[in-house]
There are 2 protein chains.
Amino acid sequence: MRRDVFQGIADPTRREILNMIAHKSLNVNSVAANFEVSRTAIYKHIKILTECGLVVVRQQGRERYCEARLKKLSKVSDWVERYRSLWEAKFDSLEAYLGKLEAKKKKYGKKKS
Amino acid sequence: MRRDVFQGIADPTRREILNMIAHKSLNVNSVAANFEVSRTAIYKHIKILTECGLVVVRQQGRERYCEARLKKLSKVSDWVERYRSLWEAKFDSLEAYLGKLEAKKKKYGKKKS
DNA sequence: TATTTATGTAACCTTATGGTTGCAAATATA
DNA sequence: TATATTTGCAACCATAAGGTTACATAAATA
């Protein structure tokens with residue numbers, strides 16, 4: 001399964017895991033100890049985080065340390081920040097109103113996301 | 001189903017829809033016309049976007065105009081930006097290294113995400 | 001060596017996702 | 001009024017998500 005960072009942070013448990021290991025790497029059991037759900041469930045979340053590049057796991061003895069790769073979050077930041085000027089300029093309502101009026105005349109030209 | 005904005009932007013089609021209506025509101029059919037999948041599929045995506053507050057739909061005659069509520073994206077921005085200093089300071093590797101060494105001595109204290 | 005600890009993973013379950021076709025209802029138009 | 005357009009939604013399908021228990025294996029320890 002091909003995963004991307006947006007999917008990676010979609011789940012609240014995964015966001016909490018990231019927060020947990022943001023400052024200090026932790027082995028799988030230590031991460032799991034902070035949740036109600038089973039170790040296996042957490043293991044799966046870590047696997048997903050690994051698949052989308054947000055976490056790297058390194059073996060040390062019998063333990064596996066989960067290390068955050070926060071730089072990947074810049075993908076999310078880049079996407080979101082493209083719209084900041086729009087929401088900060090209170091265009092949220094204005095443009096909608098204008099767009100509504102013009103919707104009948106113009107056609108949307110497809111762009112890549 | 002309770003939805004949040006992280007789930008809303010998790011799907012690439014939904015991100016494209018948001019981009020499409022970011023500057024100008026569009027009715028459901030106009031949005032759907034820009035995709036390969038069925039109108040119903042797009043309708044469902046719009047519904048999800050509505051449920052998490054990223055889109056508001058307003059009726060005008062027989063048409064429903066989809067209006068972006070981009071301000072909701074600040075929730076995502078706020079979350080991501082908490083980690084910027086970490087990834088920009090190239091702590092991604094350093095802290096992990098240090099954390100790894102200290103992992104045996106200290107215990108992680110749970111925080112809310 | 002025997003046992004404990006940390007982890008990976010298979011097998012299974014329930015619900016959510018993302019898609020489809022088909023149809024009904026409301027509004028606009030010929 | 002008869003027809004076309006726009007939309008909502010039911011019913012269905014396949015697969016992904018998120019969870020569980022049980023078991024196997026590798027490494028550390030008594």
Side-chain angles (χ1 to χ4, degrees), chain A residues 1-18 20-21 25-52 54-67 99-100 103-105 107-108 113, chain B residues 1-18 20-21 25-52 54-67 99-100 103-105 107-108 113:
Chain A
M1 176 113 298
R2 198 65 55 80
R3 292 240 164 65
D4 78 358
V5 68
F6 289 93
Q7 251 186 289
I9 64 169
D11 185 272
T13 299
R14 286 198 290 273
R15 291 199 296 280
E16 202 170 340
I17 290 175
L18 279 179
M20 223 170 257
I21 64 175
S25 296
L26 291 173
N27 64 348
V28 179
N29 268 358
S30 297
V31 174
N34 290 284
F35 293 93
E36 299 294 302
V37 298
S38 71
R39 176 186 61 83
T40 305
I42 298 302
Y43 171 79
K44 286 186 184 182
H45 281 306
I46 291 173
K47 197 176 177 190
I48 289 172
L49 288 169
T50 298
E51 284 168 2
C52 68
L54 279 165
V55 163
V56 163
V57 177
R58 279 187 308 176
Q59 179 162 6
Q60 191 158 25
R62 65 182 162 185
E63 296 170 302
R64 312 291 160 101
Y65 281 86
C66 306
E67 182 182 317
K100 194 180 63 182
K104 293 161 192 165
K105 310 169 195 165
K107 274 297 177 183
Y108 176 83
S113 94
Chain B
M1 174 113 301
R2 199 66 55 81
R3 290 247 163 59
D4 78 357
V5 68
F6 289 93
Q7 249 185 292
I9 65 169
D11 184 89
T13 300
R14 286 197 290 272
R15 291 199 297 278
E16 202 170 340
I17 291 174
L18 279 179
M20 223 170 255
I21 63 174
S25 295
L26 291 173
N27 65 348
V28 178
N29 268 359
S30 297
V31 174
N34 289 285
F35 292 93
E36 300 294 303
V37 298
S38 70
R39 175 186 63 82
T40 305
I42 297 302
Y43 169 77
K44 286 188 184 179
H45 281 306
I46 291 172
K47 198 176 176 190
I48 289 172
L49 288 169
T50 299
E51 284 168 1
C52 67
L54 278 165
V55 163
V56 162
V57 177
R58 279 188 306 177
Q59 179 161 5
Q60 190 159 28
R62 65 181 163 186
E63 295 170 303
R64 313 290 160 101
Y65 281 88
C66 306
E67 182 181 318
K100 194 180 63 182
K104 294 160 193 167
K105 310 168 196 167
K107 275 295 177 183
Y108 176 81
S113 93

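Letters A, B, ... mirror the listed sequences (proteins, then strands); counts begin at 1. Since this is a predicted model, take the numbers as computed values, not measurements.
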**Item:** Segment of DNA chain D, first to last nucleotide, that comes within the 4.0 Å heavy-atom reach of chain A
**Value:** D/dA16 to D/dA28
**Request:** Could you state the atom-to-atom distance from CD of B/Gln7 to P of C/dT15 in whole Å?
**Result:** 17 Å
**Prompt:** For A/Asn29 and C/dT5, what is the distance between atoms CG and P respectively, to the nearest whole Å?
**Reply:** 11 Å
**Request:** Grab the CG-C1' distance between B/Asp4 and C/dT17 for me, whole Å please.
**Result:** 15 Å
**Complete:** When B/Lys44 and B/Arg39 are each assigned the nearest nucleotide of DNA chain C, the 5'-most assignment goes to B/Lys44
**Fill in**
Rounded to whole Å, the CD1-P distance (B/Ile42 to C/dT21) equals 14 Å
**Message:** Under a 4.0 Å threshold between the charged nitrogen and the carboxylate oxygen, would A/Arg15 count as salt-bridged to B/Asp4?
**Reply:** yes
**Prompt:** Please give, in whole Å, the distance from C/dG19 C1' to B/Ile46 CD1?
**Reply:** 15 Å
**Fill in**
Between A/Ala41 and A/Arg64, whichever has its closest DNA chain D nucleotide further toward 5' is A/Ala41
**Asked** Rounded to the nearest 0.5 Å, how far does CD1 of B/Ile17 lie from CD1 of B/Ile48?
**Response** 9.5 Å
**Asked** Do B/Gln7 side-chain atoms and B/Ile9 backbone N/O form a donor-acceptor pair below 3.5 Å?
**Response** no
**Message:** Looking at B/Arg3, I'd like to know whether one of its side-chain N or O atoms comes within less than 4.0 Å of OP1 or OP2 on C/dT17.
**Reply:** yes
**Item:** DNA chain D: 5'-proximal contact among A/Arg62 and A/His45 (nearest heavy atom)
**Value:** A/His45
**Prompt:** Out of C/dG18, C/dT27, C/dG19, which has the shortest distance to the side chain of B/Ile48?
**Reply:** C/dG18
**Message:** Please determine whether a side-chain nitrogen or oxygen atom of A/Asn27 lies at a distance below 4.0 Å from atom OP1 or OP2 of C/dA6.
**Reply:** no
**Request:** Would you kindly compare B/Ser38 and B/Gly61 by the position of their nearest DNA chain C nucleotide and give the one closer to the 5′ end?
**Result:** B/Ser38
**Prompt:** What's the CD-C1' distance between B/Glu16 and C/dG18, to the nearest Å?
**Reply:** 16 Å
**N/O donor-acceptor pair under 3.5 Å between A/Arg14 side chain and A/Gly8 backbone** = yes
**Request:** Counting heavy atoms from C-beta on, name the nucleotide in C/dG18, C/dT7, C/dA10 closest to the side chain of A/Thr40.
**Result:** C/dA10
